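Every value quoted in this text rests on a predicted model; they were computed, and no experiment measured them.
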Amino acid sequence: MPSFDVVSQLDLQEVENAVNQARKEVAQRYDFKDSATTIDWDKKEVITIDSSDEFKVKAVVDVLMEKMVRRNVSVKALDPGTVAPSSGGRARQEIRLKQGIDADRARTIAKLVKDAKLKVQAQIMGDQVRVSGKKRDDLQAAIQAIKAKELDLPLQFVNFRE
């Protein structure tokens, strides 16, 4: 029986490349001179930006978003927090990376597939949703129905099996 999986994954190597490119650009730009701006990444899920004031933090976030887009990392996967004051009159912001499909969004996807009135079944398997059916055309219609909904996280359709 043909099936595919709906997942939300990030290419962490591309995220690392985007962070490194943003660091280089911030180090070279004149408007960040003498601001001691840093971009730290824990290699898993949190990018921390620290700078001398709130406006510089927002400018660094814009640079980082631009680098992510150029590296084909969806900005839907980034969850920027609020800019908070840090020690010494500095400003800091944390950006969380969203990976995997949480239970609420998985139920939403399963409901979308069910409401599409196609002859397919959706089952939630951890942080992914498996959609299976008898016909390949029904599966492709399910993919189109999910894509049309515009959910707030990047989705990939992987593991297509006949």
Side-chain angles (χ1 to χ4, degrees), residues 3-86 90-113 116 122 124-131 139-160:
S3 67
F4 68 88
D5 295 334
V6 181
V7 297
S8 178
Q9 298 172 337
L10 288 175
D11 186 355
L12 294 180
Q13 183 62 50
E14 290 298 332
V15 172
E16 183 174 8
N17 291 342
V19 168
N20 288 335
Q21 285 179 343
R23 282 183 189 140
K24 285 180 184 177
E25 183 171 331
V26 166
Q28 292 176 351
R29 280 184 36 180
Y30 182 76
D31 53 340
F32 291 111
K33 188 175 182 181
D34 298 330
S35 67
T37 301
T38 59
I39 304 172
D40 295 323
W41 183 40
D42 67 356
K43 305 286 186 197
K44 290 186 177 104
E45 64 182 27
V46 179
I47 299 171
T48 306
I49 298 170
D50 186 46
S51 190
S52 60
D53 60 47
E54 184 176 337
F55 299 110
K56 286 191 173 72
V57 170
K58 288 182 180 181
V60 172
V61 170
D62 289 342
V63 169
L64 183 63
M65 296 281 187
E66 174 192 339
K67 299 302 180 190
M68 292 284 187
V69 168
R70 283 192 181 172
R71 294 297 226 165
N72 292 327
V73 176
S74 176
V75 292
K76 289 181 181 179
L78 303 177
D79 184 22
T82 59
V83 179
S86 179
R90 297 177 63 78
R92 168 186 227 112
Q93 182 174 12
E94 286 188 351
I95 300 173
R96 297 210 170 269
L97 301 176
K98 295 187 277 187
Q99 285 202 83
I101 301 173
D102 60 356
D104 292 336
R105 289 191 181 101
R107 282 192 289 272
T108 302
I109 292 170
K111 186 171 178 0
L112 272 172
V113 170
I124 300 168
M125 301 173 60
D127 62 349
Q128 65 185 14
V129 178
R130 175 158 292 162
V131 180
L139 293 178
Q140 290 174 343
I143 289 173
Q144 294 305 317
I146 294 169
K147 282 183 179 179
K149 182 60 177 165
E150 288 289 326
L151 296 172
D152 63 341
L153 74 158
L155 295 176
Q156 294 88 31
F157 305 95
V158 297
N159 206 12
F160 194 91

For the side chain of Lys76 and the backbone of Leu151, is there at least one donor-acceptor N/O pair under 3.5 Å apart? yes
Are side-chain heavy atoms of Lys43 and Leu12 found at a separation under 4.5 Å? no
List the residues meeting side chain to side chain contact (heavy atoms under 4.5 Å, CB included) with Ala18, not counting sequence neighbours, and say none if there are none. Lys67, Met68, Arg71
Compare every heavy atom of Pro154 with every heavy atom of Ser8, then report the nearest pair and how far apart it is. OG-O, 2.8 Å
State, to 0.1 Å, how close Ala91 and Asp53 come at their nearest heavy-atom pair, and which atoms those are. CB-C, 3.7 Å
Do Pro80 and Gln93 have side-chain heavy atoms sitting under 4.5 Å apart? yes
Note, Phe4 side chain near Asn159 side chain (heavy atom, < 4.5 Å): no
Kindly write out the residues that satisfy side-chain hydrogen bond (donor to acceptor under 3.5 Å, both in side chains) with Gln99, not counting sequence neighbours, or none if the list is empty. none
Heavy-atom check, side chain of Val46 versus side chain of Ile95, under 4.5 Å: no
Short question: side chain of Asp62, backbone of Met65 - any donor-acceptor pair under 3.5 Å? no
For the residue pair Thr48 and Trp41, establish whether any side-chain heavy-atom pair is separated by less than 4.5 Å. no
Taken in chain and number order and not counting sequence neighbours, the residues that satisfy side-chain hydrogen bond (donor to acceptor under 3.5 Å, both in side chains) with Asn17 are Gln13
Give a yes or no on this: more than 12 heavy atoms of other residues, nucleotides or ligands lie within 6.0 Å of atom CZ of Arg70. no
How would you list, by chain and number, every residue that makes a side chain to side chain contact (heavy atoms under 4.5 Å, CB included) with Lys24, sequence neighbours excluded? none
Any Ile47 side-chain heavy atom under 4.5 Å of Leu97 side chain: yes
Please report the closest heavy-atom contact between Ile101 and Leu155, naming both atoms and the distance. CD1-CD2, 4.0 Å
Pairwise distance OG(Ser74) to CD(Glu14) - rounded to 0.5 angstrom: 13.5 Å
Main-chain N/O of Ile39 paired to Arg23 side chain as donor or acceptor, under 3.5 Å: yes
Could you check whether any side-chain heavy atom of Arg107 comes within less than 4.5 Å of a side-chain heavy atom of Lys111, counting everything from C-beta outward? no
Closest approach of Lys56 and Asp31, non-hydrogen atoms and distance? CE-O, 3.2 Å
Determine, for Asp5 against Arg130, whether the closest basic-nitrogen to carboxylate-oxygen distance falls under 4.0 angstrom. yes
Quick one: does Val7's side chain get under 4.5 Å of Asp127's, heavy atoms only? no
Can Lys147 and Phe157 be said to form a side chain to side chain contact (heavy atoms under 4.5 Å, CB included), step by step? CA-CA 10 Å; Lys147 282 183 179 179; Phe157 305 95; 3.5 Å; yes
Scan side-chain atoms only and decide if Thr37 and Ser51 contain a donor-acceptor pair under the 3.5 Å cut-off. yes
Is the backbone of Gln9 close enough, under 3.5 Å, to the side chain of Lys98 for a donor and an acceptor to pair up by distance? no
Which residues pass the side chain to side chain contact (heavy atoms under 4.5 Å, CB included) test with Asn72, sequence neighbours left out? none
Applying side chain to side chain contact (heavy atoms under 4.5 Å, CB included), can you list everything that pairs with Ala122, at least two apart in sequence or on another chain? Ala110, Val113, Val129, Val131
